[in-house]
Amino acid sequence: MASRFNPLKADAHWQKIWEERGSFHASDDSVKPKSYVLEMFPYPSGRIHMGHVRNYTMGDVLARYRRMKGFEVLHPMGWDAFGMPAENAAMEKKVHPGAWTRANIDTMRAQLKRLGFALDWSRELATCEPDYYGHEQALFLDLFEAGLVYRKQSEVNWDPVDMTVLANEQVIDGRGWRSGAPVERRKLNQWFLKITDFAEELLDGLDELDQWPDKVRLMQENWIGKSQGLKFRFQLSEPVGGATDFEVFTTRPDTIFGASFAAISPDHPIATVLAGKNEALDAFIKDCKAGGTTAAALETAEKKGFDTGASVIHPFDAGWKLPLYVANFVLMDYGSGAVFGCPAHDQRDLEFARKYGLPVTRVVAPSVDEADAPIGEEAYTGPGLLVNSRFLDGLPAEEGVREVIHRAEQDGWGQGTTVWRLRDWGVSRQRYWGTPIPIIHCEACGPVPVPRDQLPVVLPEDVTFDTPGNPLDRHPGWSQVPCPTCGGVARRETDTLDTFVDSSWYFIRFASQPDDGPFDRAVAESWLPVGQYIGGVEHAILHLLYARFWTRALKRIGRLDIEEPFKGLFTQGMVTHETYRATDGRWLSPDEIDERDGTLVETASGKPVEAGRVEKMSKSKKNTIDPEPIVDQYGADAVRWFMLSDSPPERDLAWSEAGIEGAWRFVQRLWRMSAGAGGRSTWLGDGADEALDRKLHRTIASVAANIESLAFNKAVANIYELANTVEKAPASASRAKAVEAMLLLVAPMVPHLAEEAWAALGREGLIADQSWPDVDPALLVEDEVTIAVQVNGKLRDTIIAPKGAARETVEEMALASEKVVRILDGKAPRKVIVVPDRLVNLVA
RNA sequence: GCCCCUGUGGCGGAAUUGGUAGACGCGCUCGACUCAAAAUCGAGUUCCGCAAGGAGUGCCCGUUCGACUCGGGCCAGGGGCACCA
């Protein structure tokens, strides 16, 4: 028997056997209970990175464990293959996005296979292929016909030099990433999905997702952002271009008497009219449109306003006029695009009022006595009673909200309403490498769906990337088609779908992939919802919300009777690594660094180096570790073991050389203990070892519990403890059993070693096909317990007592302790607290 | 700006409902084996102290017989923010 486990041979050997036997093919018509384990599918960016390895290792352990527990497991893999990086590669490297993407997929598939994941490769899919996106186009048309798709104007980041639309990520400090030109906001006609129709049910549905992290549920709740408040109309003192009033929304109608100005968005129709007669205002509005469209860019921008000279009338007092401003912080997309400002109780309004010299009137105070307490640098947003508010005076603020809404409804100038922060999902992208939107624009008929028998609308491959912008627009023939309805002159939609659409239903396609439709309903329903979904927390909002929406939309149109796509969700942490910088600011890779005389230097130059933070692996910081050479050197199992060890899976994992070395050593230690030369003879023996039996059975139970709750680091620690105990135990029949059971426990984590050792021990069949070992409940119960003895809450001694011993017995034993006698010094304790089987606390 | 998360030895971290803080791993120290090294095995390793003992889970305050755990107030670091996926 080999004295060392050789992963180079073993990995490939067992991977081939699993593949030949179809070990991990999921059968749709199995009689076993079904379990769907899914990790977020990767974007084929080039090569597998450590984050993928960690993600897929976690899912793999769970999938393999569930198979051992008797489930028919669906554990598929595919490619989120459309997206911007392929177009960037096309421009930079002069390769076609399709060729680049497909080559990446081939590379990454081979890399994943080397890690020995228990995946059903027969269900592999790539979103960039017509046999996937064609079905997506059909689903898009289903939603279109159900009235869930519409068209409206929406803003994009526009690069005026490159004449192209920019993604937020391409806007750096308000400038285009290539041209460096200041970015403008520009309106385009775009397609939207009516996710807001589902706002209420998407919010309510969160309550039932009890196997999701609270953090993610909260993030989604905030994102959906339900607010209740008052919608009312401000009358303009003088009509503006025919308008005599406009709508305002507020969540704080109780503060209406603290109003000192009204503000509308730069995009508000009234602002547009006013700007027509006022050059300075026009310039101000243009200025507001500079910069990016992200929330962060908008909200950190300096709060600026422009006094239009117009005014509005206070709803409760016809003689009270409020100045009307155009303000850059008022969002046209939220509420009505108009607000009233109450500086005393809103920080942003306060800063605005101070800047433009507007009055600040307190209308909420902690008590009536503080009615005239001045507002300093900070707005008062706490609870309290209404003051300086006429008929509202003395009411608690929350009652004031109800009272103002009541009066507004009674007098007919406003009504209580619910407003959502959630906006409809804009799915148009002015890009090539995405799913073509299956719509034809006819001059006479308007937008017309592509007839079903003409799907898929295939993305043409003969395009060029020599100029910026969407190549589909420039393609000579592709967009020119007759109208399907009238046969007249028409043009294909040249925008493509947001790649989040692709990832909103791939998990359904994995469950069922017929040729003639997106999925077979009954088969899909037999697997769904996904039992455990695992991926990065960066998808906590958008991807997960869109997938939830898409699933509910399919239910609404009668295609699938599933409400929530993901029953269990787990968000794993990132893989990090140390960073280094040369004194001139260059990032240096950790292997370009040496330590000389206690200081860090750059190996090549000998110049000093500054150690940076341990950060997410990224090319720009030169701290990435390519998994492939690591697998070459240590084998798949050591890499997998390291990914599971130490760090809790939801937190970041710091890559280290020492860590992978440690994992490698443990893999070898497992081999020596079980099948390695000389190993067996040391543990074969007769007779029972009850202490070892107890340890084994407790370990089986706790490893199972820890895998089920995805606490892999704890499962790993359990196994180390067991290994330590087994090694110290004398030879016995119990020890022989423990070694074999231990192989079953590690089989989901280090499957190649487990198979190799299983075979070396002469056991039949694959370890992958074995059942998880049973636990004898009798062995989980201890007959003796260690009890802590405290005096005044401080630990002074421990005693060993029979499990379940009477309070009196334990108290007596504690009082008999030498240390306790010395500390109590003859005095009787005032009070004795006994926690059965845990501790005794003597209060002196 | 808004929202969220995290903070425990030299390091990663463990600690069912408040009940023996530091399991397990890494590193380090000493020892065994070896001509030597690697590998392996054994012992030790929160801090102060020879010891008895004392202190200790980012900081301050509180609740409790008892707080890493609960409440209040801070500090520090990190993440997300709708066209990156």
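Numbered from 1 within each chain, the chains take letters A, B, ... in sequence-line order. The figures that follow rest on heavy atoms only: side chains count, while hydrogens, waters and symmetry mates do not.
Listed pair A/N792 / B/G66 fails the phosphate criterion, with no side-chain N or O lying under 4.0 Å from OP1 or OP2. Taking side-chain N and O atoms only, A/N718 has no distance below 4.0 Å to OP1 or OP2 of B/A14. The side chain of A/K714 contributes an N or O atom lying less than 4.0 Å from OP1 or OP2 of B/A15. Contact check, A/K831 against B/C65: a side-chain N or O comes under 4.0 Å of OP1 or OP2. OP1 or OP2 of B/G7 has at least one side-chain nitrogen or oxygen of A/R651 nearer than 4.0 Å. Checking the phosphate oxygens (OP1, OP2) of B/A39, no side-chain nitrogen or oxygen of A/R669 falls inside 4.0 Å.
For the atom pair CG of A/L38 and OH of A/Y506, the computed distance is 4.5 Å after rounding to the nearest 0.5 Å.
One interatomic measurement links the two molecules: CZ of A/R796 to P of B/C65, which rounds to 19 Å at whole-angstrom precision. What separates CG of A/D652 from P of B/U6 is a distance of 12 Å, to the nearest Å. In this structure, A/Q220 atom CD and B/G79 atom P are separated by 21 Å, rounded to whole Å.
Looking at A/E155, its side chain has no donor and acceptor atom pair within 3.5 Å of the base of B/C83. Below the 3.5 angstrom threshold, one finds no donor paired with an acceptor across the side chain of A/N222 and the base of B/C3.
Considering A/R429, A/Q430, A/Q190 in turn, A/Q430 is the only one that fulfils the side-chain hydrogen bond (donor to acceptor under 3.5 Å, both in side chains) rule with A/D495.
In this entry B/C47 has B/G54 as its Watson-Crick or G-U wobble partner, both defining distances falling under 3.5 Å.
Salt bridge absent: A/E221 and A/K226 never bring a charged side-chain N and a carboxylate O closer than 4.0 Å. Checked for salt-bridge contact, A/R151 and A/E493 meet the test: a charged N lies under 4.0 Å from a carboxylate O.
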